[in-house]
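The figures that follow rest on heavy atoms only: side chains count, while hydrogens, waters and symmetry mates do not. In each ligand, atom 1 is the first atom listed, and ligand 1 is the first ligand listed.
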Amino acid sequence: MSVRVSREAIVRADRRHVWPPYTPADAHEHSDPLVVVEAEGAWLTDADGRRYLDGNASWWVASLGHRHPRLVRVLTEQVASLAHVAMAGITHEPAALLAEELVQVAPRGRSPEPVLTRVFYTDNGSGSVEAAIKVATQFWRQSGRPEKCRFMALDGAFHGDTVGAASLGGVEIFRRPFAGILFDCVRAPSPSDHGAAFEVMEQLIRTRKDELAAVVVEPLLQGAEGMRMYDAAWLARLRACCTENDVLLVADEVFTGYGRTGRMWACDHAGIAPDILCLGKAFASLLPMGAMMATDRIYDAFRGAKDRAFYYGHTFYGHPLGAALAREVLAIYRDEGVVAQAAAKAPIIAEAVRRLGALEGVVAHRSLGMVGVLDLGRGGYEGDVGWRVYEEAKRRGAYLRPLGDTVYVCPPLTISEADLTSLLDIFGASVRATLGG
Ligand SMILES: *Cc1c(COP(=O)(O)O)cnc(C)c1O
């Protein structure tokens, strides 16, 4: 597809009027953005016809790559019959059948039957977490335990940008500007960098179980803080501890879900099911949509008088286009064996990262499923070493947005082995050029 106006005109309008997400104003003013005109599979094409491998799956969304032909077809078909309708006194095939299908695929731990049996639709990942916070709070209020209204979250956690979700967040630079309006939560050390994390957390849960509504975690992989990873055994112990102390467990699989870690759900590595599951990102692939799923026990607390209902739900709840896409996403996962494909490619990433980890200047390296990570400094999200790698990679034909001093690959799960090898070559060359220069 050709650009209708010049690249310069687009950049000028962008610099002058767009307020970009997660971007310092100065950087925006002086940056030389990619002007993308087309995206297909693992590739982005810019206004000059240059191609880039999408090493970040467009903020961890494009697990099936860009513009999967089956998704494009379903979207086109759905828009031709029902593009939108309010789901109030109305239901429709995409949302109703998607719920049925999600219940079947959701994590169920060791239970032969589905555990997460109710689906509440949202517009994005933050919305799923926000719904989880409200559901957990109201659940305890209507179970005769209104004092259980506090949340526990991990250091370095990221659960989204709305005020409730941001309150759970543990990334300092994202919290600081809003400190005055965020609610207070019980903070536990991250198992990614704290040897006694479990003992500390267990103690916190035991002593505060009468005030805790839920513990909220990103299972196995804390994305936004710098792709921190931790062991499945910790998650299994957390599940047991929550059950023992009657505290709900919320698994935020907005990033880790849909095969990113090498299993359909990160929870699967630990063989557990949460009480509440939050979904987003890869959920509908082409459109913003997510879901919060909950157990029968939780849903049952909302039965009865009118004032026990969950008075919540955004205007575009259960959007037919998003729901139709989300169903097709699940069908593609089934038909193409996407998770098995990803698991088979994971060792390629692990090996590349292990080799690069030996370079002088690499502080730490790690990988899990289709995520490979290098820390190139100790500046965290505010560091700028990763941005030098970003520029090097751009010159070499890959889009590798960093998290400050942390650089990573997080490509579409469906990327071909040849493209994955090229991506890792560019990743390695860009890291070497940065560290050597
Ligand atoms: C991205 C993310 C969110 C927020 O999702 P949005 O769609 O940006 O609102 C929440 N939790 C986790 C773990 C995420 O990675």
Contact residues of ligand 1 (heavy atom under 4.0 Å), by chain and number: Trp60, Asn124, Gly125, Ser126, Phe158, His159, Gly160, Glu218, Asp252, Val254, Phe255, Lys281
Would you mind telling me which of Thr243, Leu235, Leu238 makes a side-chain contact (heavy atoms from CB on, under 4.5 Å) with Ile272? Leu235
Using a strict 4.0 Å threshold on nitrogen-to-oxygen distance, state whether Arg366 and Asp375 make a salt bridge. yes
Glu77 and Arg73 ion-paired at < 4.0 Å: no
Pairs flagged by side-chain hydrogen bond (donor to acceptor under 3.5 Å, both in side chains) wherever residues 280-298 is involved - sequence neighbours left out: Thr117-Asp296, Asp246-Arg297
Take the angle between the ring planes of Phe316 and His84 and call it parallel below 30°, perpendicular above 60°, tilted in between. tilted
Taking the six-membered ring for Trp, are Phe174 and Tyr381 parallel (under 30°), tilted (30 to 60°) or perpendicular (over 60°)? perpendicular
